[in-house]
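Here's the structure we're looking at; comments come further down.
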2 protein chains.
Amino acid sequence: MLDEPPGAETVGKDPEAVRKLIEKIEASVRLDHADRDAIIALPYEVRHYSRGAAMVVEAEPPHVCAFLLDGWASQQKHTDDGKREIVGLMIPGDFVDLQNIFLRKSDHEAQSLTDTSAFAVPLRALQDLVFDRPAIGRALWIDALVAASIYREWLVNLGRRDALARIAHLLCELARRLERTGLIVEAQYELPLTQEQVGDITGLTSVHVNRVFKKLVSQGLIVRYGRMIEIPNLGALGAAAGFDATYLHLDQMLDRAD
Amino acid sequence: MLDEPPGAETVGKDPEAVRKLIEKIEASVRLDHADRDAIIALPYEVRHYSRGAAMVVEAEPPHVCAFLLDGWASQQKHTDDGKREIVGLMIPGDFVDLQNIFLRKSDHEAQSLTDTSAFAVPLRALQDLVFDRPAIGRALWIDALVAASIYREWLVNLGRRDALARIAHLLCELARRLERTGLIVEAQYELPLTQEQVGDITGLTSVHVNRVFKKLVSQGLIVRYGRMIEIPNLGALGAAAGFDATYLHLDQMLDRAD
DNA sequence: CGTGTATTTGATTCCTCTCAAGTTTAGTGG
DNA sequence: CCACTAAACTTGAGAGGAATCAAATACACG
């Protein structure tokens, strides 16, 4: 059905994956039977991507939108002299390419940061769903707008915070986002990013990221076990970061009476 | 009909304003008669805002979405220690608060940078329009997604470019955006921003912005007459900035055959 | 024309980068 | 299962770009 890019392997159907997508959408809007049936009727494939595989290719017309079932992915752009900036992170439960749903070509690329599996839907089918099923359309709007809100907060992070606050802020954000997916256990989570990638997110070099990590550890704000991060006191880390979770719009995820 | 915030003055109806909104939407999608009638039937007010007036208030439930008819506006956020970051710029033809259309409270504030006039529509009416008229819904999706694309490019700007390239990039972007609105005359446009505001966009101090401006002038990349900026050679400035206009998705603005 | 705002300029400091090298970890094949 | 290798992490020294502090000049507005 869909062409298969390198690094991706199609594994076919999986009712469990459909259930996860419905659950995700129902976190922000109320669906009726027709809405759920429309999702169930979506043409789709579950795909596995190996670490580092391209999920969205820049300057190409996007054909597929992927809902992340497992693993992490990133959006990134490059300057003309080859420097990289990671402009977005996607974790399980996020859409990888909703940003391209109505655009003719992608202004960025997306790749998997770990081995990932995703629910891939042809763009055309998703576009139709947005207009045919208003409740689903609203959920996708909300998802895209929250992603934009995160971009705005990252702009503040890069523009107005020093290196320590930037990294602390990133760690706080990930803690709050992973919490919702149940990926936090005893204030710990795995951060599947190299220090170079953390630098590409925060506008720093990997050398400086390393120094800041050590400083965060020495101040007792985090504990590291390999790539596991423990945040013994999220409030303290948040204070160091100037973190305020409003921009994550977590309240959108509760049931809304309208 | 709508409550009037301080600094804003409602001036009532204006058929010319409705025409401009329709024109803007028709730049990206094809509308039929019913679509146009739905826009004409929108409840709205034309409002004037004086320079510095709040157009969107942070943490408050947004009630109105404004389409900018004249003047410039900005989106901004603050760190907990009071530093400001301007995360978005709106020029005539942009929506001021589309980012909040489906969110319960705003994560940022918006204010006018000059005296402005805007076409203000109650959010509820705009939400209904998105679902009742798919063509209009698509146009608003595109607008929101292009705004998000600009956020991504600004992230690259802050994370990976030095001061000179950052400011050069901003000037290139504005040149291309203003061009579409006919606000460029003989490679010149008015930049209604103080150097402090340019610093708030680019993550720099006003002192350093001043020095970079002088450097851009001494290199012949720009000429300044007060707040008029002349770009004698957009290609040269673009090269200094590493500017690539793809992210503005200007091709979305042509007619699309689908 | 006075007054507050914005711009300009200089001197100094410091945060982060760059360059360089060593160490640890993870992955691979014999 | 261990040796080998590449990638990732760590540490140090020195350089540099932008911030900070301070003050003077230019400009807009009532």
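Computed from a predicted model, the values in this text were never measured in an experiment. The analysis underlying the following values was restricted to heavy atoms, covering all of them including side chains, and did not include hydrogens, waters or symmetry mates. Throughout, a chain's letter reflects where its sequence line sits, starting with A, and its residues are numbered from 1.
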Give the rounded distance in Å between these two atoms: [atom1] of [X] and [atom2] of [N].
X: Asp162(B); N: dA15(D); atom1: CG; atom2: C1'; answer: 16 Å
X: Leu216(B); N: dT8(C); atom1: CG; atom2: C1'; answer: 16 Å
X: Gln197(A); N: dC9(D); atom1: CD; atom2: C1'; answer: 14 Å
X: Leu158(A); N: dA18(D); atom1: CG; atom2: C1'; answer: 16 Å
X: Lys215(A); N: dC15(C); atom1: NZ; atom2: C1'; answer: 10 Å
X: Leu204(B); N: dT20(D); atom1: CG; atom2: P; answer: 11 Å
X: Arg224(A); N: dC9(D); atom1: CZ; atom2: P; answer: 9 Å
X: Lys83(A); N: dT18(C); atom1: NZ; atom2: C1'; answer: 12 Å

Quick check on DNA chain C: between Phe213(B) and Val212(A), whose nearest nucleotide comes earlier from the 5' end? Phe213(B)

So what does [X] hit on the nucleic acid, given a heavy-atom distance under 4.0 Å: a base, only sugar-phosphate, or nothing?
X: Thr205(B); result: base
X: Arg166(B); result: nothing
X: Arg160(A); result: nothing
X: Gly203(A); result: sugar-phosphate

When you match Ala163(B) and Glu196(A) each to their closest nucleotide on DNA chain D, which lands nearer the 5' end? Glu196(A)

Using a cut-off of less than 4.0 Å, is there contact between a side-chain N or O of [X] and OP1 or OP2 of [N]?
X: Lys214(B); N: dT7(C); value: no
X: Arg227(B); N: dT7(C); value: yes
X: Arg211(B); N: dT20(D); value: no
X: Asn210(A); N: dC9(D); value: no

Between Arg84(A) and Asp200(A), is there a side-chain N and carboxylate O pair less than 4.0 Å apart? yes

Lys83(B)/Asp81(B) ion pair, N-O < 4.0 Å: yes

Aromatic centroids of His169(A) and Tyr247(A) separated by under 6.0 Å: yes

Below 6.0 angstrom between ring centroids: does that apply to His108(A) and Tyr151(B)? no

Quick check on Arg51(A): does its CZ atom have over 12 non-hydrogen neighbours (other residues, nucleotides or ligands) under 6.0 Å away? no

